[in-house]
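Heads up, the thing below is written out as structure tokens.
Reminder, nothing fancy here: chain letters follow the sequence lines and each chain counts from 1.
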Amino acid sequence: MIARMSRLLLPTLREAPSDADLPSHRLMLRAGLMRRVGDSAGIYALLPLGLRVKAKIEAIIREEMDGVGGQELVLPIVQPAELWQETGRWAVYGEEMWRLKDRHGRLYCLGPTHEEVVTDLMRHEIRSWRQLPLLVYQIQNKYRDERRPRFGLLRAREFIMKDAYSFHTDQQDLERCYRSVYGAYERIFRRCGLDCRAVLADSGAIGGSATHEFMAPADAGEAEIVFCGRCDYAVDVERGEALPRPRPVARRPMAHVATPGARSIADVAAFLGVRPEEIAKILFYQATYGDGRTGESVAALIPGDRELNEVKLQMATGALELRPATAEEVDVPLGYAGPVGLRGVRLFTDPEVAAGAGWVVGANEDGRHLRDAVAGRDFDPGTIIGLSTVRAGDACPGCGAPLAARRGIEVGQVFGLGTKYSTALKATFLDAQGREQPMIMGCYGIGVTRTMAAIIEQHHDVDGIVWPASVAPYHVALVPVGTGDEGRRAVAAAETLATELSGLGIEVLLDDRDERPGVKFKDADLLGIPLRVTLGRALAEGRVEVKRRAAQDAELVPLAEATRVTAAVFGN
RNA sequence: CGGGGUGUGGCCCAGCUUGGUUAGGGCGCCUGGUUCGGGACCAGGAGGACGGCGGUUCAAAUCCGCCCACCCCGACCA
């Protein structure tokens, strides 16, 4: 396959449009992979090169999904409102759902996801346990009228997803399928050249079985994740845990100390000459519960150098809503509050504070603190539960190695749905005993266009994209340079080489444009083609220059061997 | 949705504070010439009426009001 640049719709840009900020967004525009259409946020056209990359990612996905028994189909983008009304999501989804009406006034939406449609399909087709299990998938456009589209393809309003749905007779079979799709995802992202971690995520309102998100570490990521470099522990910070830091056990009795004017952790630490992590701070909240109870005072006791994870506190309390208490709602002096002798407050204590050591805490008297306070000896710690926000350097709860923290782009998710949709849509089958049962479902998504952007986030440098070979739009860029006879020889040699390589199944981008060498080199770098072969002045000695995009240096090889050297890079 | 910012040829941007010839530069584009290994140079040329509407004024890209779009932060969301 040979593409001639002189004829390609490949509009590279020397400067990026000013509204593009992220590397992936800028580079996709500069390298001529895509363009925004009209004045619409989050609506893009993929140009020929962008489409090629998309197709490569999709091919990898298809191979791996087929490999775990997935069957490809295509579900409609336009979906009738009735189905969504049956599951209740027509009302729940809100503004984000792109709704439309046909000429008769019937309501539809542009599918943001396809659980309803696929479940509707299966309830008509599946009667018997003998027809299960089933794993189907599609690669299809999705529509979400985002409040705030941004970051180019990372959060567009129209995007491409591979979504898969599985149907099972029982939970064990769902779990088996879940694990095999999980494995396929690991292979898919690895093959795409993406550094990716599966993190245990919150199953949210849907609840039930586990869910993993596949996160690609990148600064542009929308979520913060912590993960272990040694074992496979990886979680969203919201759910992250860490081993408590070891602290010596206090032997001295608790004692009052005067700390006039010292209210903040930093003040108290400086005043007493202790480190912030020797001080325990207490934070007050007001909780509202599902049964209508409101205004309960709760407090969290954590080390002074740590951040409270409010989500954890909320889960620990079981509250529906939690808000920081105002000064009036707390009847101890602010800045001098502590757990000793505290009344009328439900206290939650972080394990690190509960673990033996003596802590500096507020004395609940103006201008005074206590030192060497020990949980269980000097105060009732209440409920002991992890409340701190995990951070880089904390000890992994799995193996004790230091944790790393990074932002991550969610490129995929696997989810054990259970019977939420099958029950709502009455998608049932008859089991071996002749009883009617709702199908047990799983769903599995990969953001295809988002994966493309994530790959660029991880693979670029100052000169442009550095595509992994598996997803590069072309394998090799042939760059003939030179003028006059030299130039003609270069072009002729490039044509011959292109034909040879193409015959071996290597995808060739031939820069046959009448441009100066500098322009060609800059464009080749920008496009990120894995290998560049320059045919220029060295041709006089029968040699060409071979350079990997990811490498600094080029190598001169005899023209006669250029095909072999190039083919070797791609394993042909 | 809250806060901030921006809107001037295809792209990047100046001009606006302090209204006043024909709205300007760079890149790109067209023509000719010279060049030719890291985004060349010279000469000539095409292309915008300044996001939209309304107002103030003798006069508005520039001042005022409303609206729209896009971008950023946050909230929200899988």
Could you run through RNA chain B and flag its stems, i.e. three or more consecutive Watson-Crick or G-U pairs with both distances under 3.5 Å? B:1-7 with B:68-74, B:10-13 with B:24-27, B:29-34 with B:40-45, B:51-55 with B:63-67

Expressed as a whole number of angstroms, how long is the span from A:Lys142:NZ to B:rC77:C1'? 16 Å

Calculate the interatomic distance between A:Glu146 atom CD and B:rC71 atom C1'; express it in whole Å. 16 Å

Please report the distance separating the C1' of B:rG55 from the corresponding atom of B:rC70, rounded so that it comes out in whole Å. 26 Å

Between A:Asp39 (CG) and B:rC71 (C1'), how many Å, whole number? 12 Å

With respect to the side chain of A:Arg147, which nucleotide from B:rC70, B:rA75, B:rA78 is positioned closest? B:rA75

List in chain and number order the residues that pass salt bridge (Lys or Arg N to Asp or Glu O under 4.0 Å) with A:Glu96, two or more places apart in sequence or in another chain; answer none if no residue qualifies. none

With heavy-atom distances below 4.5 Å as the criterion, would you say the side chains of A:Phe167 and A:Val118 are in contact? yes

Regarding A:Asp511 and A:Arg532, does a basic nitrogen lie under 4.0 Å from an acidic carboxylate oxygen? no

Which nucleotide in the set B:rC77, B:rC71, B:rC13 lies at the smallest distance from any side-chain heavy atom of A:Glu96? B:rC77

Can A:Glu507 and A:Arg52 be counted as an ion pair, charged N to O under 4.0 angstrom? yes

So does A:Glu72 pair up with A:Arg62, basic N to acidic O under 4.0 Å? yes

B:rC64 to B:rU57 separation - C1' atoms, rounded to the nearest Å: 12 Å

A:Trp467 versus A:Leu527: any side-chain heavy-atom pair under 4.5 Å? no

Once base and sugar-phosphate atoms are separated, protein heavy atoms under 4.0 Å mark nucleotides 46-52 of chain B, 5' to 3', with B, S and - as -------

Round to the nearest Å and state the distance from A:Glu224 atom CD to B:rG74 atom C1'. 16 Å

Which of residues 148-161 of chain A have a heavy atom under 4.0 Å from RNA chain B? A:Arg148, A:Arg150, A:Phe151, A:Arg155

Output all residues satisfying side-chain contact (heavy atoms from CB on, under 4.5 Å) with A:Val462, sequence neighbours left out; order by chain, then residue number. none

Tell me whether the OP1 or OP2 atom of B:rC13 has a side-chain N or O from A:Ser18 closer than 4.0 Å. yes

Need to verify one output field. Residue with the more 5' nearest nucleotide on RNA chain B, A:Ala16 or A:Arg36? A:Ala16

Those residues that, when tested against A:Arg99, pass side-chain contact (heavy atoms from CB on, under 4.5 Å) (two or more places apart): A:Trp90, A:Tyr93, A:Met97

Once you round it to whole Å, what is the distance between C1' of B:rA78 and OH of A:Tyr444? 17 Å

A:His475 pairs by side-chain contact (heavy atoms from CB on, under 4.5 Å) with which of A:Leu509, A:Ile506, A:Leu531? A:Ile506

Kindly write out the residues that satisfy ring-ring contact (aromatic ring centres under 6.0 Å, His included) with A:Tyr182, not counting sequence neighbours, or none if the list is empty. A:His212, A:Phe214

Rounded P spacing from B:rU8 to B:rG51 in Å: 6 Å

Salt-bridged, A:Glu410 to A:Arg450, with N to O below 4.0 Å? no

Between A:Asp21 (CG) and B:rC12 (P), how many Å, whole number? 13 Å

Which value, in whole Å, describes the distance between the P atoms of nucleotides B:rG47 and B:rG24? 13 Å

Return each pair, listed once, that meets side-chain hydrogen bond (donor to acceptor under 3.5 Å, both in side chains) where at least one residue sits in residues 34-45 of chain A; pairs must be two or more places apart or across chains. A:Asp19-A:Arg36, A:His25-A:Tyr44

In whole Å, measure the gap between the P atoms of B:rC42 and B:rG25 for me. 14 Å

Whole-Å distance separating the NZ atom of A:Lys162 from the P atom of B:rA78: 19 Å

With P as the reference atom in both, quote the distance from B:rG33 to B:rU62 in angstrom, rounded to an integer. 45 Å

Produce a footprint string for nucleotides 31-41 of chain B: one letter per nucleotide, 5' end first; B if the base is under 4.0 Å from any protein heavy atom, S if only the sugar-phosphate is, - if neither. ----BBBBBB-

Can you give me every donor-acceptor pair (side chain of residues 150-162 of chain A, partner residue at least two apart or in another chain, under 3.5 Å) with its distance?
unit_1: A:Arg157; atom_1: NE; unit_2: A:Ala41; atom_2: O; d: 2.9
unit_1: A:Arg157; atom_1: NH1; unit_2: A:Asp145; atom_2: OD1; d: 3.1
unit_1: A:Arg157; atom_1: NH2; unit_2: A:Ala41; atom_2: O; d: 3.2
unit_1: A:Glu158; atom_1: OE2; unit_2: A:Tyr143; atom_2: OH; d: 2.6
unit_1: A:Lys162; atom_1: NZ; unit_2: A:Tyr185; atom_2: OH; d: 2.6
unit_1: A:Lys162; atom_1: NZ; unit_2: A:Tyr444; atom_2: O; d: 3.2

Taking side-chain contact (heavy atoms from CB on, under 4.5 Å) as the definition, give me every residue that meets it alongside A:Ile440, ordered by chain and number, with sequence neighbours left out. A:His168, A:Gln171, A:Leu174, A:Thr419

Let me know the distance between OH of A:Tyr93 and C1' of B:rC77, rounded to the nearest Å. 8 Å

Atom pairs and distances, side-chain donor-acceptor, residues 483-496 of chain A, under 3.5 Å, sequence neighbours left out:
unit_1: A:Asp485; atom_1: OD1; unit_2: A:Arg488; atom_2: NH2; d: 2.9
unit_1: A:Glu495; atom_1: OE1; unit_2: A:Arg4; atom_2: NH2; d: 2.7
unit_1: A:Glu495; atom_1: OE2; unit_2: A:Arg4; atom_2: NE; d: 3.3
unit_1: A:Glu495; atom_1: OE2; unit_2: A:Arg4; atom_2: NH2; d: 3.4
unit_1: A:Thr496; atom_1: OG1; unit_2: A:Ala492; atom_2: O; d: 3.0

B:rC29 versus B:rG65 - spacing of their P atoms, nearest Å: 42 Å

B:rC77 and B:rC66, which share atom name C1', separated by this distance in whole Å: 32 Å

